[in-house]
Amino acid sequence: MASRRSSIVAIDDEKARKMSINKPRLFTDAAKATEAEHNMTLWQGLKLYPKAVGWSILLSAAIIMEGFDIVLIANLMAVPAFKKKFGVELPDGTFELTAAWQSGLTNGAYVGEILGLMINGIVAERYGFKKTMIGALTAVTGLIFIVFFVQSIEQLLVGLILMGIPWGVFQTLTTTYAAEVCPVPLRAYLTTYVNLCWVIGQFLASGVLKGVSTRNDEWAYRIPYALQWMWPVPLIVGIALAPESPWWLVRKERLDDAKAMLLRLTSRNQSVDFNVDETIAMMQHTNELEKASSEGANYIDCFKGSDLRRTEICAMTWFVQAFCGSSFMGFSTYFFEQAGLDTSNAFSLSLGQYALGAVGTFCAWFMMQKCGRRTLYVYGQAVLCCLLLVIGFCGLASKDNTKAQWSIGAMLLIFTFVYDSTVGPVCYSLVAEMPSTRLRQKTVVLARNFYNIASIIGNILTPRMLNPSAWNWGAKSAFFWAGTCFLCLVWTYFRLPEPKGRTYGELDTLFEQGISARKFKETVVDLHGPEATSVADEKLKGPTTHLETVDSARS
């Protein structure tokens with residue numbers, strides 16, 4: 001085993017030798033495909049995999065629907081008609097949902113998502129990505145009826161819990177599909193595109209809520225719920241036509257089907273070096289390496305050997321998203337109202353916030369290529385921590401201080417831009433790349449559930465911090481989140497590796513050899529080893545013929 005301080009690591013020699021003897025062609029073809037991916041530029045990847053990009057974008061559209069729905073839950077609490085229907089009357093004659101019900105409604109959806117995620121980790125690996133997505137979309141189509149015809153806040157809670165189950169499927173399946181249908185140069189873009197889908201959904205929901213916020217009847221909250229029906233049917237039709245993940249098919253040993261799907265995901269572009277058989281061989285090789293390290297593919301295997309570290313990294317990476325102060329954005333309209341802005345201005349600022357979030361995601365695409373994932377995550381959290389401190393100090397001013405209240409709004413907009421340039425989108429790339437391919441679905445499910453638990457805690461705390469009938473901290477809540485953001489920054493610096501430019505096989509080796517997170521970037525990985533490569537070459541050449549020269553004089 002290579003030293004942890006070594007700049008070059010390789011897979012175990014005996015493991016590589018056995019694989020090269022048993023499957024020499026697989027060994028050499030995998031090496032060629034790995035080299036081809038390393039040499040592939042972004043433009044070449046786009047020319048070779050345009051169909052993969054299109055199909056990934058289609059599946060990720062399910063996240064637009066979920067982002068739309070999640071914002072409805074949090075920000076309907078700022079709509080007067082909704083507060084009057086489901087809230088309680090305060091001494092000043094206004095209506096407000098209690099902090100307990102604010103937490104209950106948002107956390108109800110997260111409870112459903114936890115159930116959906118655990119189901120997804122089993123069902124998706126057994127039946128594939130397409131069937132699981134179509135089943136979840138069909139379920140959500142029927143469940144929308146519950147929230148549309150809701151008559152009491154208890155019924156609304158039940159509806160949100162049930163709808164959370166298919167939402168849990170969307171949360172991870174879209175990201176893992178993107179990670180499995182594209183090559184290394186496109187991986188960061190398609191996985192972080194999920195964050196842009198979230199922002200688009202949030203923006204659309206804020207626009208709808210601004211439009212209905214002046215209504216005084218039940219349609220102020222029925223219209224937003226009814227609009228959720230516009231998503232599922234088109235998505236079901238599109239996903240039914242989409243190709244299955246070739247990685248999933250390789251894990252199921254359906255190699256011919258995997259090859260057919262890979263051909264559907266790529267174009268026949270002669271200017272790009274691509275061999276479908278070599279690419280399938282690389283997938284097989286990676287799968288064999290992981291099977292040699294861990295035969296199982298169950299949830300318990302996520303906590304064994306090097307996979308335990310990978311699960312920790314994925315879980316904490318998503319935990320950072322929840323505890324870096326992002327809950328302010330989820331409750332943005334309500335937060336703006338409690339900071340002293342009227343309902344119309346509060347929704348206008350929320351629209352600006354999500355528009356900045358979309359711009360931030362585009363900036364993240366550019367910066368990831370220049371800086372890498374780890375760097376963006378570290379510096380992003382450092383800036384977020386500083387912004388939260390500024391918001392907290394502005395919150396010390398009285399609500400009569402208009403300049404201070406608008407300063408808080410401005411800082412929150414900058415916070416959103418920084419978040420969606422760094423932590424927001426980069427998280428999706430990291431959690432999709434860090435797990436082993438055999439355990440990816442289950443590792444991402446566990447990590448997302450860790451995020452959901454963290455979000456439940458945040459959704460219990462945030463309404464109480466902001467609600468005038470509870471703790472009433474207002475913008476001073478930012479001091480608390482600045483502290484948690486700093487602690488997350490410390491973990492990120494010491495524990496988060498850099499996966500930029502690595503194939504899944506290389507990441508497997510780096511984790512198996514226990515390379516320090518801060519040394520991932522510069523460590524050179526030899527997936528095959530000189531001894532194993534020579535053995536494979538000899539096997540491919542076949543047996544040599546030994547010729548003996550006979551001296552004619554002795555005959």
Side-chain angles (χ1 to χ4, degrees), residues 2 7-13 15-42 44-45 47-49 52 179-188 190-191 245-247 249-251 255 258-259 262-263 265-266 269 272-293 306 310 372 429 432-438 440 497-513 515 520-537 539-540:
S7 60
I8 302 177
V9 295
I11 64 172
D12 179 79
D13 286 339
K15 184 193 300 182
R17 186 173 183 276
K18 288 179 180 178
M19 290 180 64
S20 65
I21 292 173
N22 295 333
K23 299 179 180 180
R25 175 64 65 186
L26 173 67
F27 201 80
T28 54
D29 284 354
K32 292 176 183 177
T34 300
E35 184 67 21
E37 284 214 6
H38 275 305
N39 294 331
M40 189 183 296
T41 64
L42 172 61
Q44 288 174 332
K47 288 197 295 183
L48 183 59
Y49 284 86
E180 294 201 353
V181 298
C182 63
V184 170
L186 299 181
R187 209 163 60 200
L190 291 181
T191 51
S245 162
W247 281 93
L249 292 166
V250 167
R251 292 194 292 272
L255 301 184
K259 182 177 178 179
L262 189 57
L263 289 172
L265 290 165
T266 54
N269 195 308
V272 182
D273 181 23
F274 174 73
N275 184 300
V276 66
D277 293 315
E278 291 174 358
T279 304
I280 293 295
M282 180 183 66
M283 295 178 184
Q284 287 182 269
H285 182 258
T286 302
N287 190 49
E288 293 297 327
L289 282 175
E290 293 176 0
K291 284 168 67 177
S293 300
S306 62
R310 301 171 87 152
S429 179
E433 293 175 303
M434 289 299 175
S436 64
T437 60
R438 288 175 60 77
R440 179 182 289 123
E498 175 57 72
K500 178 187 173 185
R502 300 290 192 184
T503 65
Y504 293 127
E506 289 174 324
L507 289 172
D508 288 341
T509 302
L510 287 166
F511 278 112
E512 281 186 28
Q513 301 299 324
I515 301 302
F520 257 56
K521 185 175 181 179
E522 64 267 17
T523 302
V524 178
V525 180
D526 180 6
L527 275 181
H528 309 96
E531 178 186 350
T533 304
S534 63
V535 171
D537 289 342
K539 291 287 289 183
L540 288 172

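For the pair E498 and L510, the minimum side-chain heavy-atom distance is 4.5 Å or more. No side-chain heavy atom of N275 sits under 4.5 Å from any side-chain heavy atom of K32. Side-chain contact check for V525 versus R502: some heavy-atom pair is nearer than 4.5 Å. Residues R310 and S436 are in side-chain contact: their nearest non-hydrogen atoms beyond the backbone lie under 4.5 Å apart. Residues F511 and P497 are in side-chain contact: their nearest non-hydrogen atoms beyond the backbone lie under 4.5 Å apart.
The two atoms that bring V181 and Y49 nearest to each other are O-CD2, 3.7 Å, heavy atoms only. Looking at every heavy atom in both residues, A432 comes nearest to A179 through CB-CB, 3.7 Å. Of all the heavy atoms in L262 and P246, the pair that sits closest is CD1-CG, 4.4 Å. In terms of heavy atoms, R440 sits closest to P435 at CA-CB, 3.7 Å. Taking all atoms of both residues into account, the shortest heavy-atom contact from P185 to L42 is O-CD1, 3.8 Å.
Scored by the salt bridge (charged side-chain N to carboxylate O under 4.0 Å, His left out) test, K259 finds D277 as partners (sequence neighbours excluded). In this view, R251 and E125, E180 satisfy the salt bridge (charged side-chain N to carboxylate O under 4.0 Å, His left out) rule, not counting sequence neighbours. The salt bridge (charged side-chain N to carboxylate O under 4.0 Å, His left out) check on E433 picks up R187, R373, with sequence neighbours excluded.
Rounding to the nearest 0.5 angstrom, the gap separating the OG1 atom in T279 from the CG atom in L265 is 11.0 Å. Once rounded to the nearest 0.5 Å, the distance linking CH2 of W247 with CE of M282 reads 5.5 Å. To the nearest 0.5 Å, atoms CD1 (I515) and CG (L507) are separated by 12.0 Å. Taking OG1 of T34 as the reference point, atom CD of E278 lies at 10.0 Å (rounded to 0.5 Å). To the nearest 0.5 Å, atom CG of residue N39 and atom CD of residue Q44 are 8.5 Å apart.
Between the side chain of E37 and the backbone N or O of P183 there is no donor-acceptor pair closer than 3.5 Å.
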